[in-house]
Amino acid sequence: MAVSAVEAQGVTKVFGSGAGEVRALDEVDVAIRQNEFFTLLGPSGCGKTTLLRLIAGFEQPTSGEILLEGQPIAGTPPFRRPVNTVFQSYALFPHMSVAQNVGFGMEMLGKDRRTIAETVERTLDLVKLGGLAGRKPAQLSGGQQQRVALARALANRPKVLLLDEPLSALDLKLRKEMQIELKRLQGETGITFVFVTHDQEEALTMSDRIAVMSAGRILQVGSPTEIYEKPTRRFVADFIGETNFLAAEVVAGEAGSLRVRLPGGRELSVLDAFEHKPGQTVTLAVRPERAELAEGGAEAQLAGRVENLVYFGTDTTYHVGLEAGGGFVVRLQNREGARRRHEVGASVGIRLPAEAVQVLRD
Amino acid sequence: MLATLRRHPALQRLLLIGPSAAVIGFFMVVPLGLMVAVSLMGRNIYGGVHWGDFTTEAYVKFLFERNLDDTLAFNPVYLQIFLRSFWLSLSTTVVALLFGFPVALYMTLQREPYRTVLIFLVTVPFWTNLLVRNYAWVLLLRDTGLINGALLGLGVIDHPLPLLYTPFAVAIGLAYSFMPFMVLPIYASLEKIDFRLVEAAYDLYAGRLTMLRRVVLPLARPGIVAGSTLVFVPCLGAYVTPALLGGSKTMMIGNLVAGRFSEARDWPFGAALAFFLLAMVLLAMLLQALRSRRQAEAG
Ligand SMILES: Nc1ncnc2c1ncn2[C@@H]1O[C@H](COP(=O)(O)OP(=O)(O)OP(=O)(O)O)[C@@H](O)[C@H]1O
Ligand SMILES: [Mg+2]
């Protein structure tokens, strides 16, 4: 297998000491492949920026090691790492023009003036700032500044580009455009992108792989489909999209397959990746659009009453109160037109196809 | 009364400006006017001037000597003192900048409580009298002083180095005296720099020195300009330091002017010299202002 572009091995980062100690990263292991669009996804404060800063070299890990293309880089200062950053705060040089900002890295690398001027122009066109080369950062809007920051990092064609929420200040339309643009650019240039966001949709649409982070740990790494369809942890399932959680008891189990008893007493066979044992309680995750409604009846696994329904046009969301307690959300596509099949107050059964149920690790 | 005021905004404005106008008038315009007046009067050899005896003799004296037959001969003595003052002030400013900038940078990089302590320490020399502080340098620099004593004792030199009563001693003393004026404005502008810009420069392959030159220095410019002005201008008019550390050989404008008013009893000439000094400072500041405006427009 090819060597990883970036690899973190047991990386822990602790800020402060004593009572004020913050464990920003906790035993993080991750391998980012060459030419991959890799996204760090997680809520505010989970350590995304800290991981980028460790890769860029602005911070040293408290323990563990970072490797760039297989080489440990502990002693290498940031200015010798073939890595560029698009800062969350832009960090544009206020005393330099847009063009000077974008050309700065190439100037430091000793490129000749012609090359610099041409690359600056091309990169500014790319981020749609063609006419603003002569402006100072203070004369730009927030979104324009963000695009300058992007151009400044891109212009150097680094091996690895670290992007810390680079699209957060853009309006929806421009944001969508830039998402496509970034994705295209990444494919064309062969630069490895490490992209930080706390927008799950952005992560799902852009990434080759996503690492979902929480409280300094990476909980799951996988392709967007894996992360969405096969979450392994409650946090991941909850953070991305909408999910129903059910507590179930394992009644029998062997080699990756479990027989579990659902709330209400019905039993169901499901696939299990985590070797749960009979007698244990497991958490099941079911996406609302993967469950089905039935008119009561024997083939349903859960029974309840429709408490509320929300019509969205393309689909309808049913909020069902379960007889065994708790709620369950089912989303059905309105294939048969606007006809509502179940009214508020109606008794319904919920059918869970085995492949729609994901057994979580914890 | 208040109602009257409210109805007359012009009167209001006058009352608001009044006090400061009075202070400026009394403490600046009147003395300066007096100085110009004195410089244009005839000299009274016992001190003071003969009022009403109008003459430009004092200004002629700056560059020319009057021979016995009333012809004028060029006399560069005073001009030399002016040039020396200018040159010494410039060197002092450069020395203060070279030492002051790293100090300010160091202060900026410290943590908060320690930083405040450092600011406090920078101002400590101001607590003692200027005279006392300069005497301390006499003790350090003289032939039997600490520096020469140590070097002689270590056998590095056979004869004491001539340190005191040299332009070097004056520059050192002046730089020392005015150092806080350099450090504090630079610190103020360094402190405002967003440290993330430094990281951005590192990220874009700038080494430490390049980063300093391309990012920190340009952003600290206002502080450097302010600090340099604050050191250069008082240096031009310095009196105590050159008197103590420069001796008669390294006289500066301040000493020259003081001498005209005391021993020489030539008030008009003293006033004229002071007026030249003022003109020089104003000219220097005007040039600086023009330069920075042109730079602001260019960049
Ligand atoms: N220099 C520092 N000193 C102390 N604590 C820090 C420092 N930098 C980060 N932290 C803490 O480490 C944790 C992770 O911070 P980090 O900036 O990596 O979060 P993030 O995931 O990027 O969040 P956001 O989405 O809000 O940008 C936070 O609790 C933060 O308070
Ligand atoms: Mg962040």
Side-chain angles (χ1 to χ4, degrees), chain A residues 16 49 52-59 76-97 99-111 116 134-139 145 148-164, chain B residues 97 101 104-106 108-115 185-229 288-299:
Chain A
T49 298
L52 288 196
R53 291 175 57 79
L54 287 168
I55 298 172
F58 301 133
E59 309 272 3
T76 314
F79 49 86
R80 296 225 181 80
R81 299 189 182 193
V83 169
N84 284 129
T85 310
V86 181
F87 291 87
Q88 192 167 11
S89 55
Y90 320 146
L92 300 176
F93 303 124
H95 55 296
M96 296 184 200
S97 70
Q100 285 168 330
N101 264 283
V102 176
F104 190 82
M106 286 180 285
E107 201 188 321
M108 294 300 115
L109 290 174
K111 297 270 163 64
I116 295 179
R135 295 239 192 127
K136 287 278 177 67
Q139 300 166 319
Q145 290 180 31
V148 176
L150 195 59
R152 187 176 66 174
L154 266 177
N156 308 298
R157 295 290 155 113
K159 292 221 173 87
V160 178
L161 188 61
L162 309 173
L163 304 105
D164 200 347
Chain B
L97 184 61
F101 187 83
L105 191 61
Y106 176 80
T108 316
L109 296 176
Q110 299 315 303
R111 284 177 201 284
E112 199 28 81
Y114 185 44
R115 204 196 270 196
I186 295 182
Y187 168 78
S189 64
L190 281 178
E191 193 214 31
K192 271 188 265 152
I193 296 179
D194 183 352
F195 193 74
R196 288 171 293 194
L197 295 177
V198 173
E199 289 190 341
Y202 284 151
D203 189 65
L204 295 162
Y205 318 112
R208 293 182 183 86
L209 279 180
T210 318
M211 181 278 296
L212 266 183
R213 190 167 54 79
R214 296 292 304 272
V215 177
V216 173
L217 273 182
L219 292 174
R221 238 191 95 87
I224 293 173
V225 170
S228 301
T229 312
Q288 173 56 42
L290 281 177
R291 223 173 70 108
S292 58
R293 184 186 312 163
R294 212 174 321 125
Q295 251 160 9
E297 276 165 9

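Convention: sequence-line order gives letters A, B, ...; per-chain numbering from 1.
With sequence neighbours left out, Lys159(A) forms a salt bridge (charged side-chain N to carboxylate O under 4.0 Å, His left out) with Glu69(A). The salt bridge (charged side-chain N to carboxylate O under 4.0 Å, His left out) search around Arg214(B) returns Glu107(A), not counting sequence neighbours.
Identified by a heavy-atom distance below 4.5 Å to chain A, the contributing residues of residues 192-205 of chain B are Arg196(B), Leu197(B), Glu199(B), Ala200(B), Ala201(B), Tyr202(B), Asp203(B), Leu204(B), Tyr205(B), in residue-number order.
If you measure heavy-atom distances from Leu92(A) to chain B, the contacts under 4.5 Å come from the backbone alone. Using a 4.5 Å cut-off between heavy atoms, Phe87(A) contacts chain B through its side chain alone, with no backbone atom that close.
Within 6.0 Å of the CG atom in Leu209(B), the count of heavy atoms belonging to other residues, nucleotides or ligands does not exceed 12.
Taking both residues in full, the closest heavy atoms of Leu219(B) and His95(A) are given as CD2-ND1, 3.5 Å, listed atom of the first, atom of the second, then distance.
Chain B forms the most heavy-atom pairs under 4.5 Å with one residue out of Ala56(A), Gly57(A), Ser89(A), Pro77(A), and that residue is Ser89(A).
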Distance-only criterion, 3.5 Å: show the donor-acceptor pairs between side-chain atoms of residues 150-157 of chain A and protein atoms not counting sequence neighbours.
from, atom 1, to, atom 2, distance (Å)
Arg152(A), NH1, Ala91(A), O, 3.0
Arg152(A), NH1, Asn101(A), OD1, 3.4
Arg152(A), NH2, Tyr90(A), O, 3.2
Arg152(A), NH2, Ala91(A), O, 2.9
Asn156(A), OD1, Met106(A), N, 3.2
Asn156(A), ND2, Asn84(A), OD1, 3.2
Asn156(A), ND2, Arg152(A), O, 3.0

